[in-house]
Amino acid sequence: MEEVKEHFGDEIAHLVDGVTKISQISFQTREEQQAENFRKMILAMVKDIKVILIKLADRLHNMRTLHFLDPQKQREIAQETLEIYAPIANRLGIDWIKTELEELAFRYLEPQAYKELSQKVAKTKKERERYVEKVRGIITQKLNELGIKGQVTGRVKQLSSIYQKMRRQGVEFHEVYDITAFRIIVGTVKECYESLGIIHSLWLPVPGKFKDYIALPKGNMYQSLHTTVIGPYGERIEIQIRTQEMHRISEEGIAAHWRYKENGKITEEDAKRFSWLRQLLEWQTDLEDNREFLQTVKVDLFPTEVYVFTPNGEVKEFPTGATPVDFAYSIHTDVGHQCVRAKVNGRLVPLNYQLKNGDAVEIATSAKHHPSRDWLKFVKTSRAKAKILQWIKAQQREKSIALGRDVCERDFKKFDLKFSTFWKSGAVEKVAREFSLTSGEELLASIGYGKITAQQVIGRLAPEKLRMDEKKEEEGRLEKVIKRMTSRPKGFVKIDGIDNVLMSFAGCCNPLPGDKIVGFITRGRGVTIHTTDCVNALTADTKRRIEARWALDGDSTFPTRIRIYSADKKGMLAAISSSISGNKVNITGAHIKTTDDGNAESTFDIEIGNLKHLKKVINALQKIAGVLKVERIKGWQGPVGP
């Protein structure tokens, strides 16, 4: 270093030292050495920004000559480039370096995919060149006609961007349509917006694909108008529109505006603009552990916001703690709703993973998937929260309307009334208004939610019927409860050698006729009936055990509970309810909820004759398209509900 200083001066010596790796010190791991080298670079970088510019040029040269190294070394350097240097180039706004670093990293991290994609792109090269020239000519001619002098260029997108799109959308190369990008460089900002109008008058813009980075520049000072249109032959093309000055900033980034004092240090104004550089210096001072420091460098270049990459290299800004679900909703509402999996930096992560600076995020979607209420516990952006709540409310309303209709049809039938008749006549709409609701569907939803009962509606529509049957209904209900709680087992179960004994059914296994049963003498409660495979029966004192068998009449019914897992789609609840009722089974309670995997879980309390009858009902339910699983629930007590 003394020789360098003697030959080239202090400034050059400092720059050389800043980009020179530490090789004299012995490190236990490569990661420690990587961190220490980065610490050294940051210290030099804060004093003179040219250090990082030289380092980026050095890294770019290394990546261009990486083929001379062994495969393991290639992967290590490529991964480091993707995690550290490409993001830094992006933060500095030097787009061409960032793009080439990402492309070269892709070449060595995914060599087979890179080779195959290169060959496929090469095969269409001539055709693509003709297409680019045709579109370029159309745009240039139109600009000239309207008196705008502009430079128009076109190119095929970088291979890494195409590859990420193929993986994200699960499509083959020939199915990726928007692989061509164009750039229009004009003289003024006014001409940028005029050019945008020209493009949108020529070709249909793709909704949601317009970005105004002129009005809202990126954090690295990048400015351009971005739009995607359906170009000639129905092919999607991306177009960037910017001024010459914007283009210079995009290419040179931070270096285009950096000012130096006589001593080469960063000015106070620039230091404020790029405070993250100062933050890096603080981290390298505060974090003594090399691994912790390096991890911080990789994920937290900005202290207050999170900036992550889309698969095509676009930077997105989120609040700290944001997740892949926030990312998905920032792309499009449907992408958020249908988000099933997320990859960060190529690895699968949970949907509640907290995004970190520099993360490259990919979202996998499925049209069959839906949001979960649990997402509200971890999403951070107001957009994501609002969209999830909106969807849940709509879905819950739909389910409640269907459940409300089923409840009304069942309860109206008990009073020898047809709900459909009142619905068609508009009488239900009138009752809805009496409850200060806007429509009959709102009334059904309120019944489904449990806010209003079907009896209240019947009381408005047919009060005489309600009064006539009220006493009978109450007596029948009371008799039913008493029968279930006390006298029912006497007629249903016989115990050899014992007469007129108080009996009850165990709540831990809820026996059904057809189940093998056994009785246990219980102090103060007579005999309790269990299924023979019940855990409590198997572990009970055998001295208290007595033999028991079913003795039924043909009209006996027993309460039981079933759970149904199904697809969460329109009409499913109605199909399930219809199937249960069609098998001469009465539904006494129901609870429906959406599961984390986007399906539906429906729990029904029903009155069933025996085990054979239950199996018949289950078989019928399993034949319904969209029903995934049906099971009997033992050991339930109390009304169905969450």
Side-chain angles (χ1 to χ4, degrees), residues 87 89-99 135-136 138-140 142-155 157-158 161 178 180-231 236-259 269-270 272-276 301-302 305-318 327 330-332 381 383:
N90 181 68
R91 298 297 189 271
L92 298 175
I94 312 172
D95 184 67
W96 71 272
I97 291 183
K98 182 213 74 159
T99 300
V135 174
R136 198 183 72 81
I138 294 172
I139 296 173
T140 302
K142 199 68 177 177
L143 290 175
N144 290 337
E145 287 176 4
L146 295 171
I148 298 174
K149 291 183 179 180
Q151 177 187 347
V152 183
T153 57
R155 62 174 177 83
K157 286 185 183 178
Q158 62 191 91
S161 175
D178 52 341
T180 309
F182 291 83
R183 181 174 296 145
I184 302 172
I185 301 174
V186 293
T188 65
V189 171
K190 179 173 177 287
E191 288 178 337
C192 287
Y193 289 99
E194 288 174 347
S195 301
L196 177 69
I198 291 170
I199 295 300
H200 285 180
S201 68
L202 283 171
W203 300 297
L204 185 68
V206 177
K209 289 290 185 179
F210 169 67
K211 300 287 184 182
D212 188 343
Y213 293 117
I214 293 179
L216 295 169
K218 292 184 181 181
N220 57 13
M221 300 185 298
Y222 175 88
Q223 288 183 288
S224 280
L225 298 176
H226 288 196
T227 188
T228 300
V229 297
I230 308 297
R236 288 189 178 197
I237 54 176
E238 289 187 7
I239 299 176
Q240 300 172 352
I241 307 170
R242 61 180 67 152
T243 65
Q244 189 64 49
E245 177 64 12
M246 292 173 191
H247 182 62
R248 187 174 74 89
I249 293 171
S250 173
E251 292 298 299
E252 300 176 19
I254 202 170
H257 277 280
W258 206 271
R259 293 185 295 278
E269 184 181 346
D270 286 331
K272 288 179 181 178
R273 177 178 289 176
F274 300 101
S275 58
W276 63 271
L301 283 174
F302 290 85
E305 290 107 4
V306 175
Y307 292 83
V308 300
F309 295 101
T310 66
N312 64 0
E314 180 186 356
V315 178
K316 283 188 171 288
E317 179 182 338
F318 295 97
F327 179 93
S330 75
I331 297 171
H332 192 275
T381 59
R383 174 181 172 83

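Quick note: numbers below take in every heavy atom, side chains included, and nothing from hydrogens, waters or symmetry partners.
Judged purely by distance below 3.5 Å, without hydrogens or angles, the side chains of Tyr193 and Ser195 never pair a donor atom with an acceptor atom.
Listed here is the closest heavy atom pair of Gly187 and Glu191: N-OE1, 2.9 Å. Taking all atoms of both residues into account, the shortest heavy-atom contact from Ile94 to Glu251 is CG2-O, 3.2 Å. For the residue pair Ser250 and Tyr222, the shortest heavy atom distance occurs at OG-CE1, 3.5 Å. Of all non-hydrogen atoms in Phe318 and Phe327, the two that sit nearest each other are CZ-CA, 3.6 Å.
By the 4.5 Å heavy-atom criterion applied to side chains, Phe210 and Thr228 are not counted as neighbours. Put simply, the side chain of Ile239 does not reach to within 4.5 Å of the side chain of Arg183, judged on heavy atoms. Residues Phe182 and Ile237 have side chains in contact (heavy-atom distance under 4.5 Å, counting atoms from C-beta outward). The shortest side-chain heavy-atom distance between Thr243 and Cys192 falls under the 4.5 Å cut-off. A heavy-atom distance below 4.5 Å is not found between the side chains of Arg236 and Val229. In this structure, the side chains of Gln151 and His247 stay at 4.5 Å or more apart for every pair of heavy atoms. Using a 4.5 Å cut-off on side-chain heavy atoms (C-beta onward), Leu143 and Ile184 make contact.
Remark: aromatic rings of His226 and Tyr213 are close, center separation under 6.0 Å.
Between the side chain of Gln223 and the backbone N or O of Ile214, at least one donor-acceptor pair lies under 3.5 Å. At least one donor-acceptor pair under 3.5 Å links the side chain of Thr140 to the backbone N or O of Arg136.
Rounding to the nearest 0.5 angstrom, the gap separating the CD atom in Gln158 from the NZ atom in Lys98 is 6.5 Å.
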Side-chain donor-acceptor contacts of residues 197-208 below 3.5 Å, not counting sequence neighbours, with atom names and distances?
unit_1: His200; atom_1: NE2; unit_2: Thr227; atom_2: OG1; d: 2.8
unit_1: Ser201; atom_1: OG; unit_2: Gly197; atom_2: O; d: 3.4
unit_1: Ser201; atom_1: OG; unit_2: Ile198; atom_2: O; d: 2.6

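Using a 4.0 Å cut-off between charged side-chain N and carboxylate O, Glu238 and Lys209 make no salt bridge.
Put simply, the residue from Ile249, Val186, Ile185, Thr188 that forms a side-chain contact (heavy atoms from CB on, under 4.5 Å) with Gln244 is Ile185.
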